[in-house]
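Following: one structure in C-alpha cells, then a few remarks.
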Amino acid sequence: MLIDPENPFEEWEFEVRAATLNAARSQCEAIAASQQLTEVFSVTQATVTPSNGTYRFICWFKVEITDDGNNDG
C-alpha cells in the first residue's frame, strides 16, 4: 500500500498464470503485499487461449519512491 499517493511513484509489471481473473488478482495482491509501498493498480489478461488450463495475466503495480535516508524533517 502506498503511504502518500502524492509522492512520486514508478510503475512495473509482472506476469502470472491463473485460471481466472480473480485468481490472477489474488496472486498480484500477494506479490504487492510482499513488497514495501507497492499496490496493484490493474490486472489484465494477456492471452485468450488457455495453456494447461491457465491464462497469462499481467499484474500492473505502482511503487512509491521514497528517500532512503532518515530525513525526519
Side-chain angles (χ1 to χ4, degrees):
M1 175 193 279
L2 301 181
I3 291 176
D4 184 355
E6 298 299 316
N7 277 349
F9 62 87
E10 291 180 344
E11 295 178 0
W12 60 282
E13 61 190 65
F14 188 79
E15 181 180 307
V16 296
R17 297 211 56 102
T20 66
L21 178 61
N22 285 338
R25 182 168 297 282
S26 293
Q27 288 183 43
C28 297
E29 292 290 347
I31 293 166
S34 71
Q35 304 291 318
Q36 193 172 35
L37 302 178
T38 302
E39 72 178 15
V40 177
F41 72 90
S42 184
V43 179
T44 57
Q45 188 168 338
T47 57
V48 218
T49 306
S51 173
N52 295 325
T54 62
Y55 300 90
R56 188 168 56 96
F57 293 89
I58 307 296
C59 305
W60 300 88
F61 300 98
K62 282 184 183 177
V63 60
E64 188 173 328
I65 299 170
T66 60
D67 183 4
D68 288 331
N70 270 340
N71 296 338
D72 292 332

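Index from 1, following the sequence. Hydrogens, waters and symmetry mates are skipped; everything else that's a heavy atom, side chains included, is used.
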For Thr54 and Arg17, work out which heavy atoms get closest and say how close. O-NH2, 2.9 Å
Report yes or no: do Val63 and Ile58 belong to one cluster of Ile/Leu/Val/Met/Phe/Trp/Tyr joined by side chain heavy-atom distances under 4.5 Å? no
Among residues two or more places apart or on two chains, list those pairs meeting ring pair (Phe, Tyr, Trp, His ring centres under 6.0 Å) that have a residue in residues 37-59. none
Phe61 meets the ring-ring contact (aromatic ring centres under 6.0 Å, His included) criterion, sequence neighbours left out, with Trp12
Got a sec, which pairs hit disulfide (SG to SG under 2.5 Å) with one end in residues 18-54, sequence neighbours left out? Cys28-Cys59
Hits for side-chain contact (heavy atoms from CB on, under 4.5 Å) against Thr20, two or more places apart or cross-chain, chain-then-number order -> Asn22, Ala23
Heavy atoms of Ala18 and Gln27 approach each other most closely as CB-NE2, 3.5 Å
Hydrophobic clusters here meaning ILVMFWY residues chained together by side-chain heavy-atom distances under 4.5 Å, can you tell me if Phe14 and Val40 are in one? yes
Enumerate, atom names and distances included, each donor-acceptor pair closer than 3.5 Å involving a side-chain atom of residues 44-51, sequence neighbours excluded.
{"residue": "Thr44", "atom": "OG1", "partner": "Trp60", "partner atom": "NE1", "Å": "3.0"}
{"residue": "Gln45", "atom": "NE2", "partner": "Thr47", "partner atom": "O", "Å": "2.8"}
{"residue": "Thr47", "atom": "OG1", "partner": "Arg56", "partner atom": "N", "Å": "2.9"}

Output yes when a side-chain donor or acceptor of Thr38 lies under 3.5 Å from a complementary backbone atom of Gln36, and no otherwise. yes
Euclidean distance, Gln35 CD relative to Glu64 CD, rounded to 0.5 Å: 14.5 Å
All pairs passing salt bridge (Lys or Arg N to Asp or Glu O under 4.0 Å) where residues 43-52 contributes a residue, at least two apart: none
